[in-house]
Each structure stands twice: as structure tokens, then as C-alpha cells.
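A short write-up of the structure that comes next.
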Amino acid sequence: MTNPARRRKELPKMPEWPDVEIFKQYLDATSLHQKIHTITVHNRRIFKDTSPDKLKQALRGHCFESTSHYGKYLFVEIDNRYYLVLHFAMTGSLRYSKNNRKKAPHDRVVFNFVNGYKLVYVCQRMLGYIGLVKSLAGFLESCELGPDAFSVDNKDFKEIFRKSRGGTKSTLMNQKLIAGIGNIYSDEILFQAGVNPKKQCSKLTDADIENLHRNIKKVFRQATKRKADPQRLPKSYLLIHRRKGGVCPRCHNKIETQRIAGRTAFFCPKCQK
DNA sequence: CTAGATGTTAAGGT
DNA sequence: CACCTTAACATCTA
């Protein structure tokens with residue numbers, strides 16, 4: 001149990017934008033253009049707006065063609081123009097393996113390919129879900145999501161913060177305003193930008209907003225490069241020190257915690273004003 | 001045994 | 001209305 005690689009694997013997943021990007025890359029590298037033979041549903045509660053029968057009917061004999069990523073969602077285009085919707089919530093992930101490999105406790109839905117491999121949707125806490133939709137645009141509309149956090153341009157980003165009267169962290173995490181940022185990465189983005197999580201958006205300067213925008217890209221690019229494993233981020237990042245009793249990598253004072261929007265925020269009161 | 005963790009949603013308060 | 005907090009969902013760890 002002291003093997004660090006093994007320990008790391010056991011850390012809970014917290015899928016935000018970088019994690020979903022990694023799932024996309026993983027699916028692209030393993031599961032495209034292979035005929036789906038059968039689908040095994042271990043838990044039907046995981047479905048949203050679809051059923052095991054509908055899913056089987058739509059997928060059997062077909063292939064995953066391409067994927068796209070928006071906010072915390074991953075979409076898989078099927079060669080019959082349907083889209084599989086994957087949301088990972090707090091503990092969802094994907095695993096590709098030989099399809100004779102034994103079922104693991106949290107395997108929920110299994111796509112068995114004719115090549116003898118399978119893609120498994122794994123979700124310990126059952127809060128994630130799988131959907132099947134005909135129109136991607138229609139689905140996105142119904143979610144009322146804001147622009148994708150990584151792709152949003154400066155002008156739209158600025159407008160969001162100029163309009164919001166809430167706190168900066170709450171705004172960053174609000175999927176209806178910006179899609180893809182969760183509790184963990186919002187802490188990092190705020191730290192990198194030197195903005196206090198509770199600071200009202202109305203008090204942000206233009207420079208603050210530009211700083212936040214720039215740091216979303218920086219942090220997401222960096223996290224994606226490190227396989228979305230916060231433990232592998234540079235030591236200058238807050239996430240490495242994000243625990244009780246942790247110390248700010250910049251000024252070495254104690255990191256504080258506060259409950260914001262129902263989540264625990266970690267930040268440095270000296271470096272984030 | 002309890003508290004706390006993660007994301008979303010609904011409900012209730014200011 | 002726009003914003004906030006809380007609780008619920010499921011399950012595991014400290």
C-alpha cells in the first residue's frame with residue numbers, strides 16, 4: 001500500500017474540464033471505428049433520457065466515430081448520427097480492457113467490441129450519467145450551459161463577469177455561465193490570478209478579469225499535459241498544497257479554507273486579494 | 001459511528 | 001429576479 005503509483009490510482013476522481021479532456025483522448029486512442037458487438041448494463045439508474053433497450057438498439061453493430069468535449073461533458077458521435085452523452089460527475093471514468101476481464105465493483109455500462117476489447121463506464125458514486133441524443137445542439141440548449149471554459153473568448157468572458165453580481169468563485173463554477181470549471185480547478189485559477197474567491201465580480205478590475213481568463217487556459221493546458229493529475233502539477237501550484245495545514249507555495253503562509261457555494265474553497269489570503 | 005468529499009439539481013431564504 | 005445556502009443523491013475514506 002505504500003506504492004505511490006498505486007496510492008495515486010486510489011485517489012477519488014474529480015472530473016472537471018481537464019479530466020474530461022483526458023477521457024476524450026483516452027476514448028479516441030482506444031475505442032473509435034470498432035464495431036460494437038454487445039452492451040452490458042450493470043446498473044440502469046445511470047441512464048438519463050434513454051434506456052438499456054434504446055441504447056442497445058442504437059449501438060449494436062455500429063461504431064463510435066468521433067468525440068467532442070464541452071464543459072464537463074463528453075459526446076461520442078455514433079456512425080448513425082446519434083450521440084452518446086457522458087457525464088462523469090464526481091467519480092466517473094472510462095476503462096478500456098480485454099473483454100474477458102472480470103467485472104470490477106463500479107463498472108456500470110460496458111461496450112463490448114468485436115475485436116475482443118471493451119470500453120467500460122465506471123462510476124463509484126452513481127451520480128454520473130449516460131444519455132443518447134439525436135441533436136447535439138438541442139441537448140446543449142436544454143442544459144443551458146455557458147460557453148466552454150477553455151474556448152470562450154476574451155470579450156464574452158469579460159461580459160459574463162461584468163454582468164454577474166455574485167462572488168468570483170461562484171461565478172467561475174456556475175455551469176450556466178461558464179462550462180467546465182469545478183471546485184478544485186476554480187481554486188487553482190483564482191490562486192494563479194491572485195483573486196480572492198469571495199471577491200464580488202463587480203469589484204474586479206479589467207486586469208483581474210483578463211488575468212482569470214488567461215489563467216483558465218494556462219491551468220487547463222498544464223493540467224491536461226499532466227494527465228489531469230493534480231499531484232503532478234508544478235510545485236508552484238496551489239493544488240499540490242491543497243489540504244488541511246497546507247502552506248502557500250508563494251508566500252509560505254498557511255492556506256485558509258472557507259465554505260463557498262456549498263464547497264470548500266482553499267486559498268491564500270495574503271496572495272489573493 | 002460521523003463528517004467530509006466530489007457535481008448537479010431543487011428548494012427555500014435574502 | 002439574481003444571488004445565496006442547504007439538502008439530497010451514492011458511496012467510500014479518515
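Only heavy atoms go into these numbers, but all of them, side chains included; no hydrogens, no water, no symmetry mates. First the proteins, then the strands, lettered A, B, ... as listed; each starts at 1.
Closest contact between the side chain of A:His87 and the listed nucleotides B:dA5, C:dC12, B:dT8 involves B:dT8. For A:Arg242, the side-chain atoms get nearest to B:dT6 when compared with the rest of C:dC12, B:dT6, C:dC4. For A:Lys72, taking side-chain heavy atoms from C-beta onward, the closest of the listed nucleotides B:dT8, C:dC4, C:dT11 is B:dT8.
The nearest whole Å value for the distance from the CG atom in A:Leu239 to the P atom in B:dT6 is 11 Å. Protein atom NZ of A:Lys48 is 13 Å distant from nucleotide atom C1' of C:dC9, rounded to whole Å. Look at CZ on A:Arg263: it is 12 Å from P on C:dT5, rounded to the nearest Å. One interatomic measurement links the two molecules: CZ of A:Arg259 to P of B:dG4, which rounds to 8 Å at whole-angstrom precision. Here C:dA8 presents its C1' atom at 15 Å from CE of A:Met126, a figure rounded to the nearest Å. Rounded to whole Å, the distance from NZ on A:Lys169 to P on C:dT5 is 12 Å. Distance CZ (A:Phe266) to P (B:dG4): 12 Å, rounded to an integer number of Å. For A:Met90 and B:dA5, the CE to P distance is 12 Å, given to the nearest whole Å.
Under 4.0 angstrom from either OP1 or OP2 of C:dC4 there lies at least one side-chain N or O belonging to A:Ser170. Proximity of A:Thr264 to the phosphate of B:dA5: a side-chain N or O atom is located under 4.0 Å from OP1 or OP2.
The ring of A:Tyr185 has its center no closer than 6.0 angstrom to the ring center of A:Trp17. Aromatic ring centres of A:Phe47 and A:Tyr129: separated by at least 6.0 Å. Between A:Tyr26 and A:Tyr96, the ring center distance fails the sub-6.0 Å criterion.
Each of A:Arg45 and A:Arg165 has a nearest nucleotide on DNA chain C; the 5'-most of these lies closest to A:Arg165. Nearest-nucleotide assignment on DNA chain C puts the 5′-proximal partner with A:Lys163, out of A:Lys163 and A:Leu127.
Within a 6.0 Å sphere centred on NZ of A:Lys134, heavy atoms belonging to other residues, nucleotides or ligands number more than 12.
Contact annotation for A:Gly262: base contact, defined as any heavy-atom pair under 4.0 Å involving a base atom. Counting any heavy atom pair closer than 4.0 Å across all strands shown, A:Gly128 reaches no nucleic acid atom.
Atom name P, nucleotides C:dC3 and B:dT6: the rounded distance is 24 Å, in whole Å.
Side-chain atoms of A:Ser186 and A:Lys169 include a donor-acceptor pair closer than 3.5 Å.
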